[in-house]
> 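Structure in structure tokens, see below.
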Protein chains: 2
Amino acid sequence: MTVTIYDVARESGVSMATVSRVVNNNPNVKPQTRKKVFDAIEKLGYRPNAVARGLASKKTTTVGVVIPDISNTIFSEVARGVEDIANMYRYNIILCNSDKKKEKEIQVINTLLEKQVDGLLFMGGTVTEDHIHAFKTASVPIVLCGTKEESENIPSVDIDHEKAAFDAVQALLNEGHRDIALIGGNFKDLAKGFARYQGYIKAIEDAGLTVNEDLIQVGNFRYDSGLEKMKYFLESNQNVTAVFAVTDEMAIGAIHAIQDAGLKVPEDISVISVDNIRMASMVRPLLTTVAQPMYDIGAVSMRLLTKLMVNEEIEQSQIILPHELIQRNSVKRLT
Amino acid sequence: MTVTIYDVARESGVSMATVSRVVNNNPNVKPQTRKKVFDAIEKLGYRPNAVARGLASKKTTTVGVVIPDISNTIFSEVARGVEDIANMYRYNIILCNSDKKKEKEIQVINTLLEKQVDGLLFMGGTVTEDHIHAFKTASVPIVLCGTKEESENIPSVDIDHEKAAFDAVQALLNEGHRDIALIGGNFKDLAKGFARYQGYIKAIEDAGLTVNEDLIQVGNFRYDSGLEKMKYFLESNQNVTAVFAVTDEMAIGAIHAIQDAGLKVPEDISVISVDNIRMASMVRPLLTTVAQPMYDIGAVSMRLLTKLMVNEEIEQSQIILPHELIQRNSVKRLT
DNA sequence: CTGTTAGCGCTTTCAG
DNA sequence: CTGAAAGCGCTAACAG
């Protein structure tokens with residue numbers, strides 16, 4: 001039924017080894033022989049079986065990717081970078097959603113390893129002891145994408161979230177703002193929740209101001225919570241002239257809360273955040289934000305992984321990508 | 001180095017076959033034996049090799065998914081539905097971006113087939129003869145997700161794009177609008193481009209009106225083109241009271257063009273579209289649109305594929321999912 | 001309930 | 001430049 005390498009060998013009058021060589025572009029084959037084999041392949045409609053190849057060669061040319069949620073634009077942009085580079089190096093991607101649930105993460109890591117992936121890309125929240133344990137049982141390289149862990153023993157690529165937040169808040173400070181509210185995220189989320197919160201604190205204190213706890217609310221990174229927390233600030237009559245939201249989505253929610261209250265951004269209140277999702281330039285006013293290079297985070301992670309998979313020399317295994325303030329129209333100088 | 005089923009067999013004093021049975025939950029194993037085997041597995045840290053299993057059993061429990069662009073929210077929401085259901089039935093997903101390029105599509109279909117996936121989910125634009133040819137060489141089931149092809153011989157799941165557009169335009173008509181502009185998409189895209197255009201035409205004609213070619217512009221489905229085409233209508237002083245954009249993104253672009261011109265939505269011009277992406281409820285005014293059940297399209301496709309993969313009886317292989325008008329705030333009755 | 005024995009389709013020494 | 005042969009780690013009859 002299915003045509004195998006053996007059939008091709010017989011048809012073209014050579015051995016399996018030779019067919020294997022031509023299929024794998026091994027140069028040690030006489031052109032004539034090569035042609036005979038190609039003809040037979042064509043004639044029989046032969047398609048190499050990657051599973052058999054994987055078993056024999058112990059390489060599957062596929063890498064496992066564990067991602068919190070592919071339908072979340074941040075992650076899907078990262079995933080695109082991952083896939084493009086994977087594709088460039090002829091790897092395929094097995095994608096698994098984890099919803100940031102530890103159990104699920106560990107579970108998918110294991111099934112990915114059973115599938116004999118040549119490498120693993122892990123995107124997610126926090127890397128716990130259990131994760132590290134699971135990684136240790138792997139005999140293939142792993143890189144953390146958009147996260148990192150304390151010991152810095154596992155290769156990773158991310159931005160400096162604290163500094164990004166710091167820069168955002170400082171941009172507000174530079175425009176004369178002093179009463180700056182924070183719409184943060186769960187501190188359990190080390191990167192976006194905690195580090196970005198820290199950046200806010202640090203910027204405020206660096207400016208010689210004191211942090212006002214009343215000006216801090218924590219949401220869940222999403223639009224609705226940004227809207228809700230901003231509404232709270234407005235209704236509780238806090239005297240804020242600017243707000244820093246740790247994600248664009250929350251910032252956009254905040255903008256709408258402000259607008260819904262009959263106020264204007266940035267005339268009445270300025271808004272800034274971190275991320276630069278596509279939507280940031282699809283709102284009115286256009287959102288000023290600190291851009292995190294999503295695509296690049298994915299692309300660079302994958303590139304790093306490809307090197308690791310072929311035991312290439314690595315100069316730097318803890319990569320911090322640069323971020324950049326994108327000035328648009330949601331921040332105004334305080335007069 | 002790596003521990004195999006053979007090592008476990010030796011360690012637990014049984015045969016490979018028995019180990020295989022307990023690993024695969026075959027009930028024909030005495031509890032005691034089962035326990036011995038589990039102990040050995042635990043002790044040796046055995047992890048089944050899915051590649052070897054795949055070669056021996058001719059099943060890989062993985063399905064290939066070809067998707068135009070995972071970073072596009074529409075597709076990533078569909079992909080989430082696909083993954084959830086795949087996961088539920090213990091399948092893994094190999095994801096390949098195609099950018100809707102025919103060459104790339106055909107190419108990834110082939111590599112997916114080489115990887116011996118148990119089934120294929122194809123999302124993309126148009127299904128050509130070449131695609132059909134590629135599908136024919138496959139010995140595994142295929143389902144089209146968010147597309148379909150003329151002959152209706154390939155299982156598919158999608159919505160009725162023409163009817164969805166028709167309903168959107170009719171909603172405008174019902175509110176008294178007569179001068180309705182269309183911001184369409186490339187007609188080469190049969191589903192979103194052509195079918196939705198047809199729905200517009202049909203609704204206008206059904207209402208006894210005549211189509212005004214001056215009120216038709218075609219964009220590229222994205223935000224910027226919606227903005228630009230609307231700007232054109234505004235500047236060319238067309239007397240429109242409402243616009244139907246074939247995608248939410250273009251509709252949001254149109255809303256912003258209107259607002260940028262100092263007019264209001266829906267007071268001055270009403271806007272409606274089809275899709276209901278998440279962003280539709282993250283803009284001001286909230287976008288009125290005909291919802292296409294993205295997640296379900298993915299979920300149902302995958303469910304259909306799981307049935308096909310186990311040769312289950314299929315009652316219906318051309319599935320049309322329902323769409324629904326979501327009334328929000330971007331449409332107003334013409335007074 | 002358990003063991004034996006063929007392969008699955010390919011890569012990879014090792015010879016020549 | 002080419003061929004023979006030994007697996008890769010597992011499943012699936014088949015026999016008992």
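Protein chains get the first letters and strands the later ones, always in sequence-line order, with residue 1 at the start of each.
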> Take the C1' atoms of the five end pairs on each side of the helix from C:dC1-D:dG16 to C:dG16-D:dC1, get both axes, and report the angle to 10 degrees.
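Computed from the C1' atoms at both ends, the axes differ by 30°.
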
> Is there a side-chain contact between A:Ile93 and A:Val63 in this structure, where contact means two heavy atoms from C-beta onward sitting under 4.5 Å apart?
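Yes, their side chains come closer than 4.5 Å.
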
> Counting only heavy atoms not in B:Lys148, do more than 12 sit closer than 6.0 Å to its NZ atom?
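Not buried by this count: 12 neighbours or fewer within 6.0 Å.
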
> Could you tell me the boundaries of the chain B footprint on DNA chain C, defined by atoms under 4.0 Å from its heavy atoms?
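It runs C:dC1 to C:dG9.
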
> Enumerate the residue pairs fulfilling side chain to side chain donor-acceptor pair (under 3.5 Å) with a member in residues 33-42 of chain A, sequence neighbours excluded, ordered by first and then second residue.
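Side chain to side chain donor-acceptor pair (under 3.5 Å) check on residues 33-42 of chain A returns A:Lys35-A:Asp39.
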
> State whether A:Thr18 places a side-chain N or O below 4.0 Å from either non-bridging phosphate oxygen (OP1 or OP2) of D:dG3.
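So the side-chain polar atoms of A:Thr18 do come within 4.0 Å of the phosphate oxygens OP1 or OP2 of D:dG3, strictly under.
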
> Return the minimal non-hydrogen interatomic distance between B:Asn186 and B:Phe221, and the atom names on each side.
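In terms of heavy atoms, the two residues are closest at N-CZ, 3.7 Å.
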
> Checking A:Lys104 side chain against A:Asn97 main chain: does a donor-acceptor pair fall under 3.5 Å?
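Yes: the side chain of A:Lys104 pairs with the backbone of A:Asn97.
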
> Answer yes or no: is there a side-chain heavy-atom contact under 4.5 Å between A:Ser139 and B:Thr2?
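No, side chains not in contact.
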
> How many whole angstroms separate atom CG of A:Asn26 from atom P of D:dT2?
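Between P of D:dT2 and CG of A:Asn26: 10 Å.
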
> Within a strict 4.5 Å, meaning less than it, do heavy atoms of the A:Asp7 and A:Arg10 side chains meet?
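In short, these two side chains touch, coming nearer than 4.5 Å.
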
> How would you label the contact of A:Val51 with the nucleic acid (heavy atoms, under 4.0 Å): base, sugar-phosphate, or nothing?
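The answer is nothing, as A:Val51 stays clear of every strand by at least 4.0 Å.
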
> Does a donor on one side chain sit under 3.5 Å from an acceptor on the other, for B:Arg278 and B:Thr73?
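B:Arg278 vs B:Thr73: no donor-acceptor pair found between side chains.
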
> From CG of A:Asn28 over to P of D:dT2, roughly how many Å is that when rounded to an integer?
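Taking CG of A:Asn28 and P of D:dT2, I get 9 Å after rounding.
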
> Looking at every strand, decide which applies to A:Asn49 at a 4.0 Å heavy-atom threshold: base, sugar-phosphate, or nothing.
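Counting heavy atoms under 4.0 Å across all strands, the contact made by A:Asn49 is with sugar-phosphate only.
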
> Could you please spell out the steps behind the side chain to side chain donor-acceptor pair (under 3.5 Å) verdict for B:Glu77 and A:Ser71?
CA-CA 5 Å; B:Glu77 283 185 46; A:Ser71 68; over 6 Å; no

> Sugar-phosphate means primed atoms, P, OP1 and OP2; the rest is base. With that split, encode nucleotides 11-16 of chain D 5' to 3' as B, S or - using protein heavy atoms under 4.0 Å.
BB----

> With distance as the sole test, does B:Asn26 use its side chain to make a donor-acceptor pair with the main-chain N or O of B:Asn28 at under 3.5 Å?
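It does hold such a pair.
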
> Contacts to DNA chain D from residues 33-42 of chain A, heavy-atom cutoff under 4.0 Å, which residues?
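Heavy-atom cutoff 4.0 Å gives A:Thr33.
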
> Within the side chain of B:Asp118, is there an N or O that forms a donor-acceptor pair under 3.5 Å with the backbone of B:Thr60?
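Looks like yes, one N/O pair under 3.5 Å.
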
> Donor-acceptor pair, distance only, cut-off 3.5 Å: does the side chain of A:Ser20 make one with the backbone of A:Met16?
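Answer holds: no.
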
> Could you state the CG-P distance from A:Leu55 to D:dC10, rounded to the nearest angstrom?
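About 9 Å, once rounded to whole Å.
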
> Cut-off 3.5 Å, no hydrogens considered: what does the side-chain donor-acceptor table look like for residues 119-127 of chain B, sequence neighbours left out?
unit_1, atom_1, unit_2, atom_2, d
B:Thr126, OG1, B:Lys188, O, 3.3

